Colleague: 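Just passing along the structure, written as C-alpha cells.
None of the values given here were measured: they were computed from a predicted structure. The analysis underlying the following values was restricted to heavy atoms, covering all of them including side chains, and did not include hydrogens, waters or symmetry mates.
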Amino acid sequence: MTQTSENVTWLTQEAYNQLRAELEYLSGPARTEIAAKIAAAREEGDLRENGGYHAAKEEQGKQELRVRQLTQLLENAKVGEAPAADGVVAPGMVVTIAFDGDEDDTLTFLLASREYASADIETYSPQSPLGSGVNGKKIGEDAQYELPNGKLASVKILEAKPYTA
C-alpha cells in the first residue's frame, strides 16, 4: 500500500512491481499499438472529419499522462513492508469507523493512495481530511476531522486491519 509524506510515496514490493509493470507496458507495447491506430486512421483520409483519428490521439494523450504520473510516482517511491496488524490506523489498512459514536452509522474504507482506488472498496487518501484525522489512531479511540463547511466531525475507530487484495 502507499503512504505519502511530502514527495515520498511508500509502496509495498508487490505494489511497486505492479506499477512498474504497468509503466513498462504503457511505455512499450501500448505506445506501439496506439501509434499503429493513429497511422491506420490517418490513412483513411481527411483528418478533420475522422473520428477514429481523433479518438486515437485522445487515447494517446491519456496514456502519455499516465506514463508521466507513474514515472514520477516510482521515482519518489520507497519500498517497505505492509502495515502491522497492531490495531493502529496506517496507510494500507482497511479501517471501519462509526460516525459520532453511533455504531449503526459506519463506514469501511481503505486508507491509501488513489493508485489503489478500486470498485471493491472505497479509498481515502492519508492526506484527505478523514484520512489525516484517523491516521495513527488506535482501535477504540476517537478522531476528529474538518468537514468542507469548516465544522469538526467526530468518528470512533472500530477496526483497522492490513489490506489484502
Colleague: side-chain contact (heavy atoms from CB on, under 4.5 Å) with S27: which residues, sequence neighbours excluded?
Modeller: L23, R31, V67
Colleague: Mind checking what makes side chain to side chain donor-acceptor pair (under 3.5 Å) contact with K37, not counting sequence neighbours?
Modeller: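 Listed in chain order: E59.
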Colleague: Y53: which residues meet the ring pair (Phe, Tyr, Trp, His ring centres under 6.0 Å) condition with it, sequence neighbours left out?
Modeller: none
Colleague: Tell me, do L111 and V89 make a side-chain contact under 4.5 Å, heavy atoms counted?
Modeller: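 Answer yes - side chains close enough.
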Colleague: Just verifying a value: how many Å separate S132 OG and E146 CD, rounded to the nearest 0.5 Å?
Modeller: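 Separation between the atoms: 9.5 Å.
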Colleague: I would like to know whether V134 and V155 meet side chain to side chain contact (heavy atoms under 4.5 Å, CB included); could you show each step before the answer?
Modeller: CA-CA 8 Å; V134 300; V155 296; 4.0 Å; yes
Colleague: Could you work out, with side chain to side chain donor-acceptor pair (under 3.5 Å) as the rule, every residue matching K138, not counting sequence neighbours?
Modeller: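 For K138 there are no side chain to side chain donor-acceptor pair (under 3.5 Å) partners, ignoring immediate neighbours.
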Colleague: Taking only residues two or more places apart in sequence, or in another chain, which ones meet R42 in a side chain to side chain donor-acceptor pair (under 3.5 Å)?
Modeller: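 Side chain to side chain donor-acceptor pair (under 3.5 Å) check on R42 returns nothing, list empty.
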Colleague: Please enumerate all residues that pass salt bridge (charged side-chain N to carboxylate O under 4.0 Å, His left out) together with K62, with sequence neighbours excluded.
Modeller: E58
Colleague: What's the separation between atom CD1 in I97 and atom NZ in K156, rounded to the nearest 0.5 Å?
Modeller: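 One finds 13.0 Å between CD1 of I97 and NZ of K156.
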Colleague: Considering residues at least two apart in sequence or located in another chain, which fulfil the side chain to side chain donor-acceptor pair (under 3.5 Å) criterion with E33?
Modeller: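 With sequence neighbours excluded, E33 shows a side chain to side chain donor-acceptor pair (under 3.5 Å) to Y25, given in chain and number order.
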Colleague: Please name all residues satisfying side-chain contact (heavy atoms from CB on, under 4.5 Å) with A153, sequence neighbours left out, ordered by chain then number.
Modeller: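 Y145, L147.
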Colleague: Q72: which residues meet the side-chain contact (heavy atoms from CB on, under 4.5 Å) condition with it, sequence neighbours left out?
Modeller: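 For Q72, the residues satisfying side-chain contact (heavy atoms from CB on, under 4.5 Å) (neighbours in sequence not counted) are N76.
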